[in-house]
Amino acid sequence: MPQNKREDLIYSVLMVFIMVIWMCTYNMAIVFRGLSLEVLQEAWLAFPLAYLVAFLAEKFIVSKFAEWFAFRFLVKPSSKSWKIIISITCCTILLMVIIMSAFGAIESCMATGEWSTIGWQYLMILPRNLAMALPFQLLIAGPLLWFIFRKLFPEGKNTGLTKIFL
């Protein structure tokens, strides 16, 4: 886990970046029925607004609630660190998928003008996004970013990189 607010902010910026670009590409690939340069272009164009919404949701709503829920119902402060990390991560992913799937459904309805289908679109997007986001976060993005993050910011050491990032 990040050791201070500065590390937490940097970790959040990087994790939200990875997850949003991955999920934008995934959802565009579904819409376009395959992966192509057009899909990558559309995902990149959708990225800035999705990133802003995801970052604000994660920092101001999701992270606090996920931590509260995990410690209230799933783990204790004395639990093993891996159990705490997985519990908070799963809560975070679930809440982010709920919020960002709603964002995606709204964005889709804005693009098509078909507002009568928003509920149906949300119900279609939600399980699909959860099925992609949870394993991707737990098995790929989380461990990869954690490895890179700890190389840049070793635990217990104040490196000059902290000053570069902020």
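Both backbone and side-chain heavy atoms feed into the values below; hydrogens, waters and symmetry mates do not. Everything quoted here is computed from the prediction, not taken from an experiment. We number each residue from 1, following the sequence as shown.
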Quick one, L35 and L40 - any side-chain contact, counting heavy atoms below 4.5 Å? yes
Do I84 and S87 come within less than 4.5 Å of each other through their side chains, counting heavy atoms only? no
Shortest non-hydrogen contact between S79 and V75, atoms and distance: OG-CB, 3.7 Å
Scanning both residues in full, the closest heavy-atom pair of Y51 with V13 reads OH-O, 3.2 Å
Stepwise side-chain contact (heavy atoms from CB on, under 4.5 Å) check, I21 with W44: CA-CA 7 Å; I21 198 69; W44 189 250; 3.5 Å; yes
Between F47 and F17, does the ring centre distance come in under 6.0 Å? yes
Could you report the tightest heavy-atom contact between C109 and T117, atom names first, then the distance? SG-OG1, 4.2 Å
Under a single-linkage definition using a 4.5 Å side-chain heavy-atom cutoff for Ile, Leu, Val, Met, Phe, Trp and Tyr, are M124 and I106 assigned to the same hydrophobic cluster? no
Are side-chain heavy atoms of N129 and Y26 found at a separation under 4.5 Å? yes
Between F103 and L49, is there a side-chain heavy-atom distance shorter than 4.5 Å? yes
Find the distance between CG (L134) and CG (L139) and round it off to the nearest 0.5 Å. 8.5 Å
For the pair R72 and E67, find out whether any cationic side-chain nitrogen is under 4.0 Å from an anionic carboxylate oxygen. no
Quick one: salt bridge (charged side-chain N to carboxylate O under 4.0 Å, His left out) partners of K64, sequence neighbours excluded? none
Does R150 use its side chain to pair, donor to acceptor, with the backbone of F153 at less than 3.5 Å? yes
State, to 0.1 Å, how close M19 and A133 come at their nearest heavy-atom pair, and which atoms those are. CE-O, 3.8 Å
How long is the gap from CD on Q137 to CG on L144, to the nearest 0.5 Å? 11.0 Å
Nearest-0.5 Å distance that lies between atom CG in L126 and atom CE in M100: 13.0 Å
Return the CG to CG distance between L14 and L9, rounded to the nearest 0.5 Å. 9.5 Å
Kindly work out whether a path of hydrophobic side-chain contacts (I/L/V/M/F/W/Y, heavy atoms less than 4.5 Å apart) joins F147 to I18. yes
Not counting sequence neighbours, list each pair that qualifies as a salt bridge (charged side-chain N to carboxylate O under 4.0 Å, His left out) and has a residue in residues 54-63. D8-K59
Do L74 and C90 make a side-chain contact, defined as non-hydrogen atoms from C-beta onward lying under 4.5 Å apart? no
If I take atom CD1 from residue I93 and atom CD1 from residue I88, how far apart are they, to the nearest 0.5 angstrom? 12.5 Å
Would you say I86 and F65 are hydrophobically clustered, going by side-chain heavy atoms of ILVMFWY under 4.5 Å? no
What pair of heavy atoms forms the shortest contact from I98 to Y122, and how long is it? O-OH, 3.2 Å
Cluster overlap M23 with L138, hydrophobic side-chain contacts below 4.5 Å: yes
Is it the case that more than 12 heavy atoms not belonging to W120 sit under 6.0 Å from its CH2 atom? no
For A43, check side-chain contact (heavy atoms from CB on, under 4.5 Å) against everything at least two apart and list the hits. C24, T25, M28
Is the number of heavy atoms from other residues, nucleotides or ligands under 6.0 Å of F73 CZ greater than 12? yes
Answer whether the closest heavy-atom distance between the side chains of I10 and F149 falls below 4.5 Å. yes
Quick check: do K76 and F71 have side-chain heavy atoms less than 4.5 Å from each other? no
In the structure I gave you, are the side-chain heavy atoms of I118 and W115 within less than 4.5 Å of one another anywhere? yes
Is there a chain of hydrophobic side chains (I, L, V, M, F, W, Y, each step under 4.5 Å between heavy atoms) that links V31 to L130? no
Between R128 and N27, is a side-chain contact (heavy atoms from CB on, under 4.5 Å) present by the stated rule, with each step listed? CA-CA 9 Å; R128 185 178 69 203; N27 281 294; 3.2 Å; yes
Apply side-chain contact (heavy atoms from CB on, under 4.5 Å) to W146 and I85, showing your working. CA-CA 11 Å; W146 194 247; I85 291 168; 5.7 Å; no
Go through the steps for S108 and Q121 under the test side-chain contact (heavy atoms from CB on, under 4.5 Å), then give the verdict. CA-CA 8 Å; S108 177; Q121 285 194 27; 2.7 Å; yes
Can you measure from CZ (F69) to OG1 (T92) and round to the nearest 0.5 angstrom? 11.5 Å
